[in-house]
Engineer: 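Sharing a structure below in structure tokens format, with a few things to ask.
Predicted, not measured: the structure shown is a model, and the values here were computed from it.
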Amino acid sequence: MYLNLLSGFLGSGKTTAINHACKLLQKQGLRVGVITNDQGTELVDTQFMVGEGIDTKEVTGSCFCCNFESFSRNMNQLLEQHQVDLIFAESVGSCTDLVSTILNPLHRYYGEIRPSLSVFADAKLLPIALGHSRIFKDSVNYIYKRQLEEADLLIINKIDLLGSTELEVLQSLIQKEFPDKQVIYQNSLRHESILNWLHQAQNYEHYKERKSIFVDYDTYGAGEAALTWLDYSLELFSSDGRVGLAAALLIRMMNRMIRERHLPIGHLKFLIEDQGQRQKLSFTTMETEEPALQFPRSIDKLRMLINARVECRPKSLKNIIDKAIKRVTKQCNVKIDRLKTAVFIPGYPNPTHRIIT
């Protein structure tokens, strides 16, 4: 069985690539499974994948490395109950040291599984993170760089957002910084890019030569502690059919209020459900254009799940989101119920296994 483990910072496009890969492989008659992962418990990505008809398990409340038992249990369930041919496992975007904490334990305890590690990087964020100007704190940037360092395959994603000159400059930078890496320049919205990635990942031959990277866990922990996790599950009601308008306004307002305060966004994800239809929207610090929202002209109820990962204190992010909800409630004359809420900072990383090679 083949396992494609994905790493990479928040908002690098891992979920989009997995979703498109699963659809392509399903058309070929293959059975695929996905394991999602997050420090929170209400995951946009899990619900989105399930809605796409993909066999999906999740490891919540911790990263893969800090809950290897749950990771391996979900992997076995996909193999035994769903009899999948291939598994995509997407680690939370603030996690690193996966060679020592996941790949080496897999090799020791599940020798029949052949894994590869694809690390995704946003083509626009990468040169900033590697340069002298910073968007995120140094401790957060430390995690980002360690992720890149341990890649089997380094996937430079979202190249469709670059001009030809920008791409050439980026390619020169990558060659200088990672001369020995197997690099793929990818647009995950194109079938050809996804198929090329899958081919190279499944034919990766250097897994026996993997070496553990050095990770300063105090700096790693400080980087995670610099980020706030916010998960809100909302239900919107209106007697005059304006719920769709209210939802669109709420999303725009949250995005703008965070940016106005110059808070770096790891990712800001929304899953909207109305009349059996689902829409997923995502924003990052590098993506400022607001996508178009499509709702029926008149609906009186919908649900919205929000996953926000932002560099700030929990109180600051909670105040922004709550203020946006209050404003939209008043402006659109809608009722917004909070079904579930969680705002927190991830704990110190404490992996189940750490096998150094």
Side-chain angles (χ1 to χ4, degrees), residues 1-22 24-25 30 32-37 64-65 75 85-104 106-107 113-127 129-130 143-162 167 170-213 215 357:
M1 196 282 299
Y2 174 70
L3 173 73
N4 193 334
L5 179 62
L6 281 76
S7 178
F9 195 64
L10 300 159
S12 57
K14 301 183 295 293
T15 306
T16 297
I18 291 173
N19 181 45
H20 289 179
C22 286
L24 287 173
L25 293 169
L30 294 173
V32 294
V34 172
I35 307 175
T36 59
N37 177 220
F64 283 153
C65 59
M75 182 180 65
D85 302 301
L86 183 149
I87 294 175
F88 293 96
E90 178 184 351
S91 66
V92 64
S94 60
C95 183
T96 189
D97 202 21
L98 292 176
V99 171
S100 296
T101 62
I102 297 296
L103 295 180
N104 288 345
L106 280 175
H107 178 69
I113 292 176
R114 188 165 57 89
S116 67
L117 176 57
S118 296
V119 176
F120 279 63
D122 183 317
K124 279 189 169 291
L125 179 59
L126 181 59
L130 293 179
I143 296 173
Y144 187 96
K145 289 184 175 181
R146 296 291 79 72
Q147 291 173 338
L148 303 178
E149 184 182 342
E150 67 177 347
D152 289 343
L153 301 176
L154 181 54
I155 315 299
I156 311 303
N157 199 27
K158 307 181 186 181
I159 60 168
D160 50 302
L161 302 179
L162 301 181
L167 181 57
L170 179 59
Q171 288 172 330
S172 297
L173 176 64
I174 296 299
Q175 180 60 35
K176 177 183 177 182
E177 295 286 338
F178 306 102
D180 300 322
K181 287 291 182 189
Q182 192 168 333
V183 181
I184 301 174
Y185 293 89
Q186 181 160 308
N187 173 1
S188 292
L189 302 178
R190 293 181 58 86
H191 291 178
E192 297 83 357
S193 280
I194 294 296
L195 291 173
N196 176 54
W197 164 49
L198 293 176
H199 174 75
Q200 293 200 45
Q202 292 183 29
N203 290 279
Y204 185 77
E205 298 179 347
H206 305 292
Y207 56 91
K208 293 182 181 179
E209 303 167 16
R210 286 191 189 105
K211 298 296 181 182
S212 299
I213 61 169
V215 176
T357 53

Engineer: Given side chains that start at C-beta, do those of Glu177 and Leu148 come closer than 4.5 Å, heavy atoms only?
Structural biologist: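 With C-beta onward as the side chain, the pair stays apart.
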
Engineer: So how far is it from Leu153 CG to Ile184 CD1, rounded to the nearest 0.5 Å?
Structural biologist: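 If I round to the nearest 0.5 Å, the distance is 5.0 Å.
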
Engineer: Ser118 and side chain to side chain contact (heavy atoms under 4.5 Å, CB included): which partner among Leu5, Asn4, Ile18, Leu198?
Structural biologist: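 Considering Leu5, Asn4, Ile18, Leu198, a side chain to side chain contact (heavy atoms under 4.5 Å, CB included) with Ser118 is found only for Asn4.
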
Engineer: Has the side chain of His191 got a donor or acceptor atom that lies under 3.5 Å from a matching backbone atom of Leu24?
Structural biologist: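 Between the backbone of Leu24 and the side chain of His191 there is no qualifying donor-acceptor contact (under 3.5 Å).
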
Engineer: To the nearest 0.5 Å, what is the distance between OG1 on Thr16 and NZ on Lys158?
Structural biologist: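 Separation between the atoms: 7.5 Å.
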
Engineer: If you measure from CD1 on Ile143 to CG on Asp97, what distance do you get to the nearest 0.5 Å?
Structural biologist: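 If I round to the nearest 0.5 Å, the distance is 11.5 Å.
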
Engineer: Looking at Phe178 and Leu154, what are the two nearest heavy atoms and their distance?
Structural biologist: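 Here Phe178 and Leu154 meet closest at CD1-CD2, 3.9 Å.
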
Engineer: Is the side chain of Ser212 donor-acceptor paired with the backbone N or O of Thr357 at a distance under 3.5 Å, no angle test?
Structural biologist: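 A pair under 3.5 Å: yes.
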
Engineer: Taking the side chain as everything from C-beta on, heavy atoms only, tell me whether Gln186 gets closer than 4.5 Å to Ile159.
Structural biologist: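 Gln186 does not reach Ile159 side chain to side chain.
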
Engineer: Within the side chain of Tyr185, is there an N or O that forms a donor-acceptor pair under 3.5 Å with the backbone of Ala123?
Structural biologist: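 Looks like no, no N/O pair under 3.5 Å.
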
Engineer: Testing the basics here: between Ile194 and Ala17, what is the closest heavy-atom pair and its distance to 0.1 Å?
Structural biologist: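 Minimum heavy-atom contact is CD1-O, 3.8 Å.
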
Engineer: To the nearest 0.5 angstrom, please state how far the OH atom of Tyr2 sits from the CD1 atom of Ile87.
Structural biologist: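 Tyr2 atom OH to Ile87 atom CD1 measures 11.5 Å (nearest 0.5 Å).
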
Engineer: For the residue pair Leu117 and Ile102, establish whether any side-chain heavy-atom pair is separated by less than 4.5 Å.
Structural biologist: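 The answer is no, as the side chains (C-beta and beyond) never meet within the 4.5 Å cut-off.
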
Engineer: For residues Leu106 and Met75, determine if any side-chain heavy atom of one lies less than 4.5 Å from a side-chain heavy atom of the other.
Structural biologist: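 They are in contact (side-chain heavy atoms under 4.5 Å apart), so the answer is yes.
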
Engineer: Please report the closest heavy-atom contact between Cys65 and Thr101, naming both atoms and the distance.
Structural biologist: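 So the two residues come closest at CB-OG1, 3.0 Å.
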
Engineer: Can you measure from CD (Glu149) to OG1 (Thr96) and round to the nearest 0.5 angstrom?
Structural biologist: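 One gets 8.0 Å once the value is rounded to the nearest 0.5 Å.
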
Engineer: Do Ser193 and Asn187 meet the criterion of a side-chain donor-acceptor pair at a distance under 3.5 Å?
Structural biologist: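 Asn187 and Ser193 do not have a side-chain donor-acceptor pair below 3.5 Å.
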
Engineer: Glu90 pairs by side-chain hydrogen bond (donor to acceptor under 3.5 Å, both in side chains) with which of Thr15, Asn37, Thr36?
Structural biologist: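 Per the side-chain hydrogen bond (donor to acceptor under 3.5 Å, both in side chains) rule, the option paired with Glu90 is Thr15, out of Thr15, Asn37, Thr36.
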
Engineer: Quick one: closest heavy-atom pair of Ser7 and Leu98, and the distance?
Structural biologist: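 What the structure gives for the nearest pair is CB-CD1, 3.6 Å.
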
Engineer: Measure the shortest side-chain to side-chain distance between Leu126 and Tyr144 over non-hydrogen atoms and say whether it is less than 4.5 angstrom.
Structural biologist: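 With C-beta onward as the side chain, the pair touches.
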
Engineer: Got a donor-acceptor contact below 3.5 angstrom from the Glu150 side chain to the Ile213 backbone?
Structural biologist: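 It does not hold such a pair.
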
Engineer: Nearest 0.5 angstrom please: Leu3 CG to Leu86 CG, how far?
Structural biologist: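 Spacing of CG (Leu3) from CG (Leu86) equals 8.0 Å.
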
Engineer: Without swapping roles, check the side chain of Gln147 against the backbone of Cys95 for a donor-acceptor pair under 3.5 Å.
Structural biologist: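 Side chain of Gln147 to backbone of Cys95, a donor-acceptor pair under 3.5 Å: yes, one is there.
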
Engineer: Classify the ring geometry between Phe120 and Trp197 as parallel (under 30°), tilted (30 to 60°) or perpendicular (over 60°).
Structural biologist: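 Ring orientation of Phe120 relative to Trp197: perpendicular.
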
Engineer: If only atom types and distance count, is the side chain of Asn157 paired as donor or acceptor with the main-chain N or O of Ser12 below 3.5 Å?
Structural biologist: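 Yes.
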
Engineer: Test Glu192 against Asn196 for side chain to side chain donor-acceptor pair (under 3.5 Å), laying out the working first.
Structural biologist: CA-CA 6 Å; Glu192 297 83 357; Asn196 176 54; over 6 Å; no

Engineer: Is Asp152 close to Gln182 at the side-chain level, that is, under 4.5 Å between some pair of heavy atoms?
Structural biologist: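 Answer no - side chains too far apart.
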
